[in-house]
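What follows is a short report on a single structure.
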Amino acid sequence: MLSVTQLARTIGISRTTVLYYERAGLITPTNRSDNGYRWYGDNEIKRLETIVAYRAYGLPVSEIASLLEHNDTVTQEVVLKEQFNALELEIKKLRQQQKAIVLLLEQNIQSEQDMVNKDRWAAIMEAAGFSEQDMHNWHIQFEKMEPKGHEDFLKSLSIDDAEVKKIRQWSQQPTQKA
């Protein structure tokens, strides 16, 4: 039998992570001693190894609970295929962002009038394959991750303060799925 700390060390994760998985209902101790210590056996070690593997695949805890509950290959295959497709989509979006950045960097900016403005930036994004929805998502993520950086970026495109405010408000609205 292993304590929480021993179990965490055995698996190579933090004690806090083990306790988080317990609170999420993914793992339960084999027993608890009178002093409240949690003790885990071989089954819990194997289960925790499975949980850690699923997390390494990028699966959210909520889906892991379902996989552990059903514990069948069909369910696992479906969930893993969905995760694979989600990762493919994320990679595609990241590549689009990379392409947009490369196109921007390739621009020959020599003078004030050659600098990137709003229309030029939109054209670069479209040339990189971004749809209106993709651009909205890009603004949402930028606003969420770096609100001040997003504002500064918009101003660098020679956009006036009123329009910057409108774009930032638009960036805080959820996207509409087609």
Using 0.5 Å steps for rounding, measure from the [atom1] atom of [X] to the [atom2] atom of [Y].
X: Tyr21; Y: Ile11; atom1: OH; atom2: CD1; answer: 11.0 Å
X: Ile159; Y: Lys118; atom1: CD1; atom2: NZ; answer: 6.0 Å
X: Ile101; Y: Ile124; atom1: CD1; atom2: CD1; answer: 11.0 Å
X: Arg23; Y: Thr16; atom1: CZ; atom2: OG1; answer: 8.0 Å
X: Ile45; Y: Met1; atom1: CD1; atom2: CE; answer: 9.5 Å
X: Arg168; Y: Leu154; atom1: CZ; atom2: CG; answer: 8.0 Å

Could you note down all residue pairs passing side chain to side chain donor-acceptor pair (under 3.5 Å) where residues 83-100 supplies at least one of them, sequence neighbours left out?
none
Quick one: does [X]'s side chain have a donor or acceptor within less than 3.5 Å of a partner on [Y]'s backbone?
X: His136; Y: Trp170; answer: yes
X: Asp134; Y: Ser131; answer: yes
X: Glu143; Y: Ile140; answer: no
X: Thr50; Y: Lys46; answer: yes
X: Arg55; Y: Leu59; answer: yes
X: Glu163; Y: Asp160; answer: no
X: Ser171; Y: Ile167; answer: yes

Which atom pair, heavy atoms only, marks the closest approach of Pro147 to Met145?
CD-C, 3.8 Å
Test Ile51 against every option in Val61, Leu67, Leu26 by the side chain to side chain contact (heavy atoms under 4.5 Å, CB included) rule and name the one that passes.
Leu26
Could you give me the CA-CA distance, side-chain angles and deciding distance for Tyr40 and Thr28, then say whether side chain to side chain contact (heavy atoms under 4.5 Å, CB included) is met?
CA-CA 8 Å; Tyr40 301 88; Thr28 55; over 6 Å; no
Using the rule that Ile, Leu, Val, Met, Phe, Trp and Tyr join whenever any side-chain heavy atoms are under 4.5 Å apart, tell me whether [X] and [Y] fall into a single cluster.
X: Leu19; Y: Val52; answer: yes
X: Leu2; Y: Tyr20; answer: yes
X: Tyr57; Y: Leu48; answer: yes

Can you confirm whether more than 12 heavy atoms, excluding those of Asn35, are under 6.0 Å from its CG atom?
yes
Is the count of non-hydrogen atoms from other residues, nucleotides or ligands lying under 6.0 Å from Arg32 atom CZ greater than 12?
yes
Give the intermediate values and the outcome of side chain to side chain contact (heavy atoms under 4.5 Å, CB included) for residues Met135 and Glu126.
CA-CA 9 Å; Met135 287 187 234; Glu126 286 174 16; 3.4 Å; yes
Would you call the rings of His150 and Trp138 parallel, tilted or perpendicular, taking 30° and 60° as the class edges?
perpendicular
Side-chain contact, heavy-atom cut-off 4.5 Å: [X] with [Y]?
X: Tyr54; Y: Val79; value: no
X: Leu68; Y: Arg47; value: yes
X: Glu22; Y: Pro29; value: yes

May I ask you to check whether Phe130 and Trp121 place their ring centers less than 6.0 Å from one another?
no
Steps toward side chain to side chain contact (heavy atoms under 4.5 Å, CB included) verdict (Trp39, Thr30):
CA-CA 6 Å; Trp39 295 100; Thr30 303; 5.5 Å; no
Test salt bridge (charged side-chain N to carboxylate O under 4.0 Å, His left out) on Lys165 and Asp161 and set out the steps.
CA-CA 6 Å; Lys165 185 177 180 179; Asp161 289 342; over 6 Å; no
